[in-house]
Amino acid sequence: MEKELVEIGVIGAAHGLRGAVFVRLYNPSSSLLEPGTEVLISGQHNTHFLKVMIEMISHSPKGTKVKFYGIDDRDAAENINGWTCAVEQSQLPVLEEDEFYYRDIIGSPVFSTDDIAIGTIEDVFSAATDILVIKTTEGDELLVPVVDVFVISLTPGKVVVDLTGLETD
């Protein structure tokens, strides 16, 4: 049985001459990664993954700097720029009963506060705040910041939003 992988970030630019890279983590505050953690990295189409172990990790204002065992020089680091970084689902922390991962709401229906169907959650990404990408019933894309004034209820299976005050054009 194939293990389910969860994408946690994207590898960015090389840093220095010894193979370190910056990694843009989807959850920068996550404590999941530490030296000794095995991750899977993959190029453009995510069809073949390379298992690597974290040798060193540090956080700075510029981002998260990671050194993988086996990526030992700048050329090797530059070759993995743009690759995705994933972990096996079993490596994720166990959640409390009322918690969930954003990936669990992908495909959930979205309703207005008047219980009118708006669309479905297509994606979630991070900017200054987390953003819900909603595919509307008309086929358009609607971006809604995950803040109390716009997102009234956020659970797997049903999302309720208040679009009052949100620019939708």
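Throughout, residue positions are numbered sequentially from 1 according to the sequence presented.
- Side-chain contact between L132 and V146: present, with at least one pair of heavy atoms (C-beta onward) separated by less than 4.5 Å.
- Side-chain contact check for T120 versus E122: every heavy-atom pair is 4.5 Å or farther apart.
- M56 and V39 fall into different hydrophobic clusters, where Ile, Leu, Val, Met, Phe, Trp and Tyr side chains are chained together by heavy-atom contacts under 4.5 Å.
- In plain terms, the two heavy atoms of E38 and V87 that are nearest each other are O-CG1, 4.3 Å.
- Two residues are said to be in side-chain contact when any heavy atoms from C-beta on lie closer than 4.5 Å; V159 and F111 fail this criterion.
- Counting heavy atoms from C-beta outward, H15 and V21 have side chains that stay 4.5 Å or more apart.
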Chi angles and distances behind the side-chain contact (heavy atoms from CB on, under 4.5 Å) call for E141, V133:
CA-CA 7 Å; E141 185 176 86; V133 180; 3.5 Å; yes
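- The heavy-atom pair separating P156 from F100 by the smallest distance is CD-CD2, 3.6 Å.
- Of the charged side-chain nitrogens involved, at least one lies within less than 4.0 Å of a carboxylate oxygen, so that K67 and D72 count as a salt-bridged pair.
- Under a 3.5 Å cut-off, the side chain of R24 and the backbone N or O of G63 do not form any donor-acceptor pair.
- With values rounded to the nearest 0.5 angstrom, L142 atom CG is found 7.0 Å from T136 atom OG1.
- Judged by distance alone, the side chain of S42 and the main-chain N or O of H48 form a donor-acceptor pair under 3.5 Å.
- Between the CG atom of D123 and the CZ atom of R103 there is a distance of 13.0 Å, given to the nearest 0.5 Å.
- Side chain of S108 to backbone of G157: a donor-acceptor contact under 3.5 angstrom is found.
- Hydrophobic clustering (ILVMFWY, side-chain heavy atoms < 4.5 Å, transitive): V23 and V52 are in one cluster.
- At a threshold of 4.5 Å between non-hydrogen side-chain atoms, the residues L154 and Y102 count as touching.
- Counting heavy atoms from C-beta on, the side chains of Q91 and T37 come closer than 4.5 Å.
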Dump the intermediate steps for side-chain contact (heavy atoms from CB on, under 4.5 Å) on V149 and D162, then the final yes or no.
CA-CA 7 Å; V149 69; D162 183 353; over 6 Å; no
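- Surrounding CG of D140 are more than 12 heavy atoms belonging to other residues, nucleotides or ligands, all under 6.0 Å away.
- Here the closest heavy-atom approach between residue A77 and residue G19 is recorded as CB-O, 3.7 Å.
- In terms of modelled atom types and a separation under 3.5 Å, the side chain of D104 and the main chain of Y101 share a donor-acceptor contact.
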Please step through side-chain contact (heavy atoms from CB on, under 4.5 Å) for the pair F125 and D130, ending with a clear verdict.
CA-CA 6 Å; F125 68 90; D130 295 330; over 6 Å; no
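- A salt bridge is defined here as a Lys NZ or Arg NE, NH1 or NH2 lying under 4.0 Å from an Asp or Glu carboxylate O, and E55 with R18 fails to meet this definition.
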Hey, mind stepping through I105 and T155 against side-chain contact (heavy atoms from CB on, under 4.5 Å) and telling me if it holds?
CA-CA 7 Å; I105 64 167; T155 60; over 6 Å; no
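- Residues V66 and Y69 do not share a hydrophobic cluster, defined by chaining ILVMFWY side chains whose heavy atoms lie under 4.5 Å apart.
- With rounding to the nearest 0.5 angstrom, the SG atom of C85 is 8.0 Å from the CG atom of L40.
- Ion pairing between a basic and an acidic side chain is recognised when a charged N comes within 4.0 Å of a carboxylate O; K158 and D115 show such pairing.
- Checking V144, V160, V161 one by one against I118, the side chain to side chain contact (heavy atoms under 4.5 Å, CB included) holds for a single residue, V161.
- Linking ILVMFWY side-chain heavy atoms closer than 4.5 Å, directly or via other members, places I41 and L33 in a single hydrophobic cluster.
- Atom CZ of F68 sits about 12.0 Å away from atom CE of M53, to the nearest 0.5 Å.
- Around the CD1 atom of I152, the shell of radius 6.0 Å holds more than 12 heavy atoms that belong to other residues, nucleotides or ligands.
- Rounding to the nearest 0.5 angstrom, the gap separating the CZ atom in F150 from the CD1 atom in I131 is 9.5 Å.
- Under the 4.5 Å side-chain criterion, counting only non-hydrogen atoms from C-beta, S112 is not in contact with L163.
- Between N81 and F22, every side-chain heavy-atom pair lies at or beyond the 4.5 Å cut-off.
- Grouping the Ile, Leu, Val, Met, Phe, Trp and Tyr side chains by contacts below 4.5 angstrom, directly or via other members, places L17 apart from I80.
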